[in-house]
Undergrad: 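If you scroll down you'll find the structure; I have some questions about it.
Predicted, not measured: the structure shown is a model, and the values here were computed from it. Every chain is numbered from 1 and lettered A, B, ... according to where its sequence line falls, protein lines coming before strand lines.
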Amino acid sequence: MATSSLEYIPEQQKSSPTHISSGQLPLDLHPPQTVEDDISGTQLGPDFPYYIFSEGNFLWKGCVRQPWQLMFCYLLQHVEALEILLQGLCGVQRERLRIHEICLKSGPHLGTVASEVRLLCDLEQSEPSWSVRHVGGAMRGAGAEQVSVLVRSMVESKTSKNALRLFYALGYKFDHELLRVGFSFNFYRGAQITVTVASINKMLKLHATDEAVPVTLGIQMVEVIAPATSENYTEVATAMSSFCEYLAPLLHLSKPGVSTGVVPTAAAAAAALMSDGGGTTL
Amino acid sequence: ILHWQPNQGTVVNSQVLNEISQCVETLNGVKEGRCKASLTFYRPNLRDQSVTIDFPRDFLGISMLELPNKYFFIIRGQKIVLEADSSILLIMEKLQSYKSKVALNFEGVLYKLGDFQIRVIKVVPNQAESLRGIMVEIEYLPISSIEKSKQIMEEFIDIWKEIVAKKSLAGQFMHAEPNYAEYGLGDNYTSQHTAVQYAAALAQLIQSAQVRN
């Protein structure tokens, strides 16, 4: 198990400002500490054409020695174009995604340190299916510096439907919840890659997934994930980076702390994709 | 599941276990193999010991050898049962909020009798050999519906009890079906039902041991 090399660190303070294409309202945006921070802290106007922020995060699934690599980026427009691009790149059918994510934190006194667990409910299936996920701390050290992403541990377990009741009974408390709605592609390209494009929505009433509204109108989150082992994660990181380069016409992905800015030609690239249904080679 | 209730003043021992196994063979039961389940009691890891009462005292984890990729959690007091992948154990380890305290094994011999399957189970502590209890698990294979199989199960149990009674052993088998609906379980029998039965049988064994002591 590689978890002995993982140390928990708080997310690094990212100080580089986000570049915004000319002609847009200047915004005072600070890169987020975590994905959740970004969702709650971002405030963008609805008439903003697009904004791209990139961050890399690498999740390590310790239990079966399969780290998951994760890269995030956010894009406002061009979702349809991205879908066309992905369809062409992946060669597989997209799958619809509707996931209710509930984050629980341990109540007072429970555990020598506070703990956090996430319950995921897949609402796209005819019968909602549940899983429990634990995301741990980030990797530090020379190995971490060399890869283009952050490394974190992650363990997931499918469960029957009583997971929420069980964790409440054990002393865990509700912290926050999200609804991710979008689509995903799962394919092999040097590594088994899953690309997810989804809007992040919040519920106005507790657990009311039918009444969810986008946290920030128009923002979608893109995640690129691939499993790997402690032995081959650098190769998988390379495979993922290569794949992400194909997305460059529309968006950039990079390690946290490195500003990438917007893709100046994204609008044109998107238009090209949309007009001929993805036949254009970019 | 039937659990063995020794008479007042007696304890269960391997002699009783042998006699019970012989009963199965009397019915022409054919030995098919072994089975095992492990039951673990979990206690909260607390910074302040005085708040123990706020946390469940009967939080139990069950693994079954026949289902190596699954793990079951039960909180009897609140009628909660959860079936999970065995990776849930790693999650619990990472959370560090609960620690395993006591573990018991249900070690059984599996017999086939026509459409029935019987497991003669001895309850032993995890690290020791001492016999703490005996159980018999009866399964009627053709039907998964609890309601539909009720009559034939009861008839079989009656026959079983008669055969055991002939041996004049110092005890008897007790049978108390848990209320599955309270756990949110349906009529179709699943491994979650088994987990609930194991937990209930164990609770009854512990209770009768406490009464005697």
Undergrad: Residue by residue, scan residues 69-85 of chain B and write down, ordered by number, those that have a heavy-atom distance under 4.5 Å to chain A; if none do, write 'none'.
TA: B:Phe73, B:Ile75, B:Gln78, B:Lys79, B:Ile80, B:Val81, B:Leu82, B:Glu83, B:Ala84, B:Asp85
Undergrad: Can you tell me which of B:Leu89, B:Leu46, B:Asp54 forms the most heavy-atom pairs within a distance under 4.5 Å of chain A?
TA: B:Leu46
Undergrad: Which atom names give the shortest non-hydrogen contact between A:Pro108 and B:Phe55, and what distance separates them?
TA: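 It is O-CZ, 4.4 Å.
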Undergrad: For A:Lys158, is the NZ atom crowded, meaning more than 12 foreign heavy atoms sit under 6.0 Å from it?
TA: no
Undergrad: Heavy atoms only, distances under 4.5 angstrom: which of A:Ala169, A:Ser131, A:Gly107 has the most pairs with chain B? Name it, please.
TA: A:Ala169
Undergrad: Does A:Glu156 offer a backbone N or O that forms a donor-acceptor pair with the side chain of B:Ser87 under 3.5 Å?
TA: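 Yes: the side chain of B:Ser87 pairs with the backbone of A:Glu156.
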Undergrad: Rounded at 0.5 Å granularity, tell me how far CG in B:Asp48 sits from NE2 in A:His109.
TA: 5.0 Å
Undergrad: How close do B:Leu95 and A:His134 get, counting heavy atoms only, and between which atoms?
TA: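 Here B:Leu95 and A:His134 meet closest at CD2-CD2, 3.6 Å.
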Undergrad: Return the CD1 to OG distance between B:Ile91 and A:Ser115, rounded to the nearest 0.5 Å.
TA: 11.5 Å
Undergrad: Could you go step by step and tell me if B:Tyr42 and A:Leu170 meet the side-chain contact (heavy atoms from CB on, under 4.5 Å) rule?
TA: CA-CA 10 Å; B:Tyr42 291 93; A:Leu170 293 179; over 6 Å; no
Undergrad: Below 3.5 Å, can you tabulate the donor-acceptor pairs from side chains in residues 125-138 of chain B to any protein atom, sequence neighbours excluded?
TA:
residue, atom, partner, partner atom, Å
B:Asn126, OD1, B:Asn105, ND2, 3.1
B:Glu137, OE1, B:Tyr198, OH, 2.5

Undergrad: Tell me whether the count of non-hydrogen atoms from other residues, nucleotides or ligands lying under 6.0 Å of CZ in B:Arg47 goes above 12.
TA: yes
Undergrad: When rounded to the nearest 0.5 angstrom, what is the spacing between CD in B:Gln96 and OG in A:Ser106?
TA: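 One gets 11.5 Å once the value is rounded to the nearest 0.5 Å.
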Undergrad: Please identify each residue that fulfils side-chain hydrogen bond (donor to acceptor under 3.5 Å, both in side chains) with A:Asp175, with sequence neighbours left out.
TA: A:Lys105
Undergrad: Under 4.5 Å, heavy atom to heavy atom: which of residues 150-157 of chain B reach chain A? Give them by number, or say none.
TA: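 Contacts with chain A: none.
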Undergrad: Measure distances from A:Phe167 to the heavy atoms of chain B and classify the residue's part below 4.5 Å as side chain, backbone, both or neither.
TA: side chain
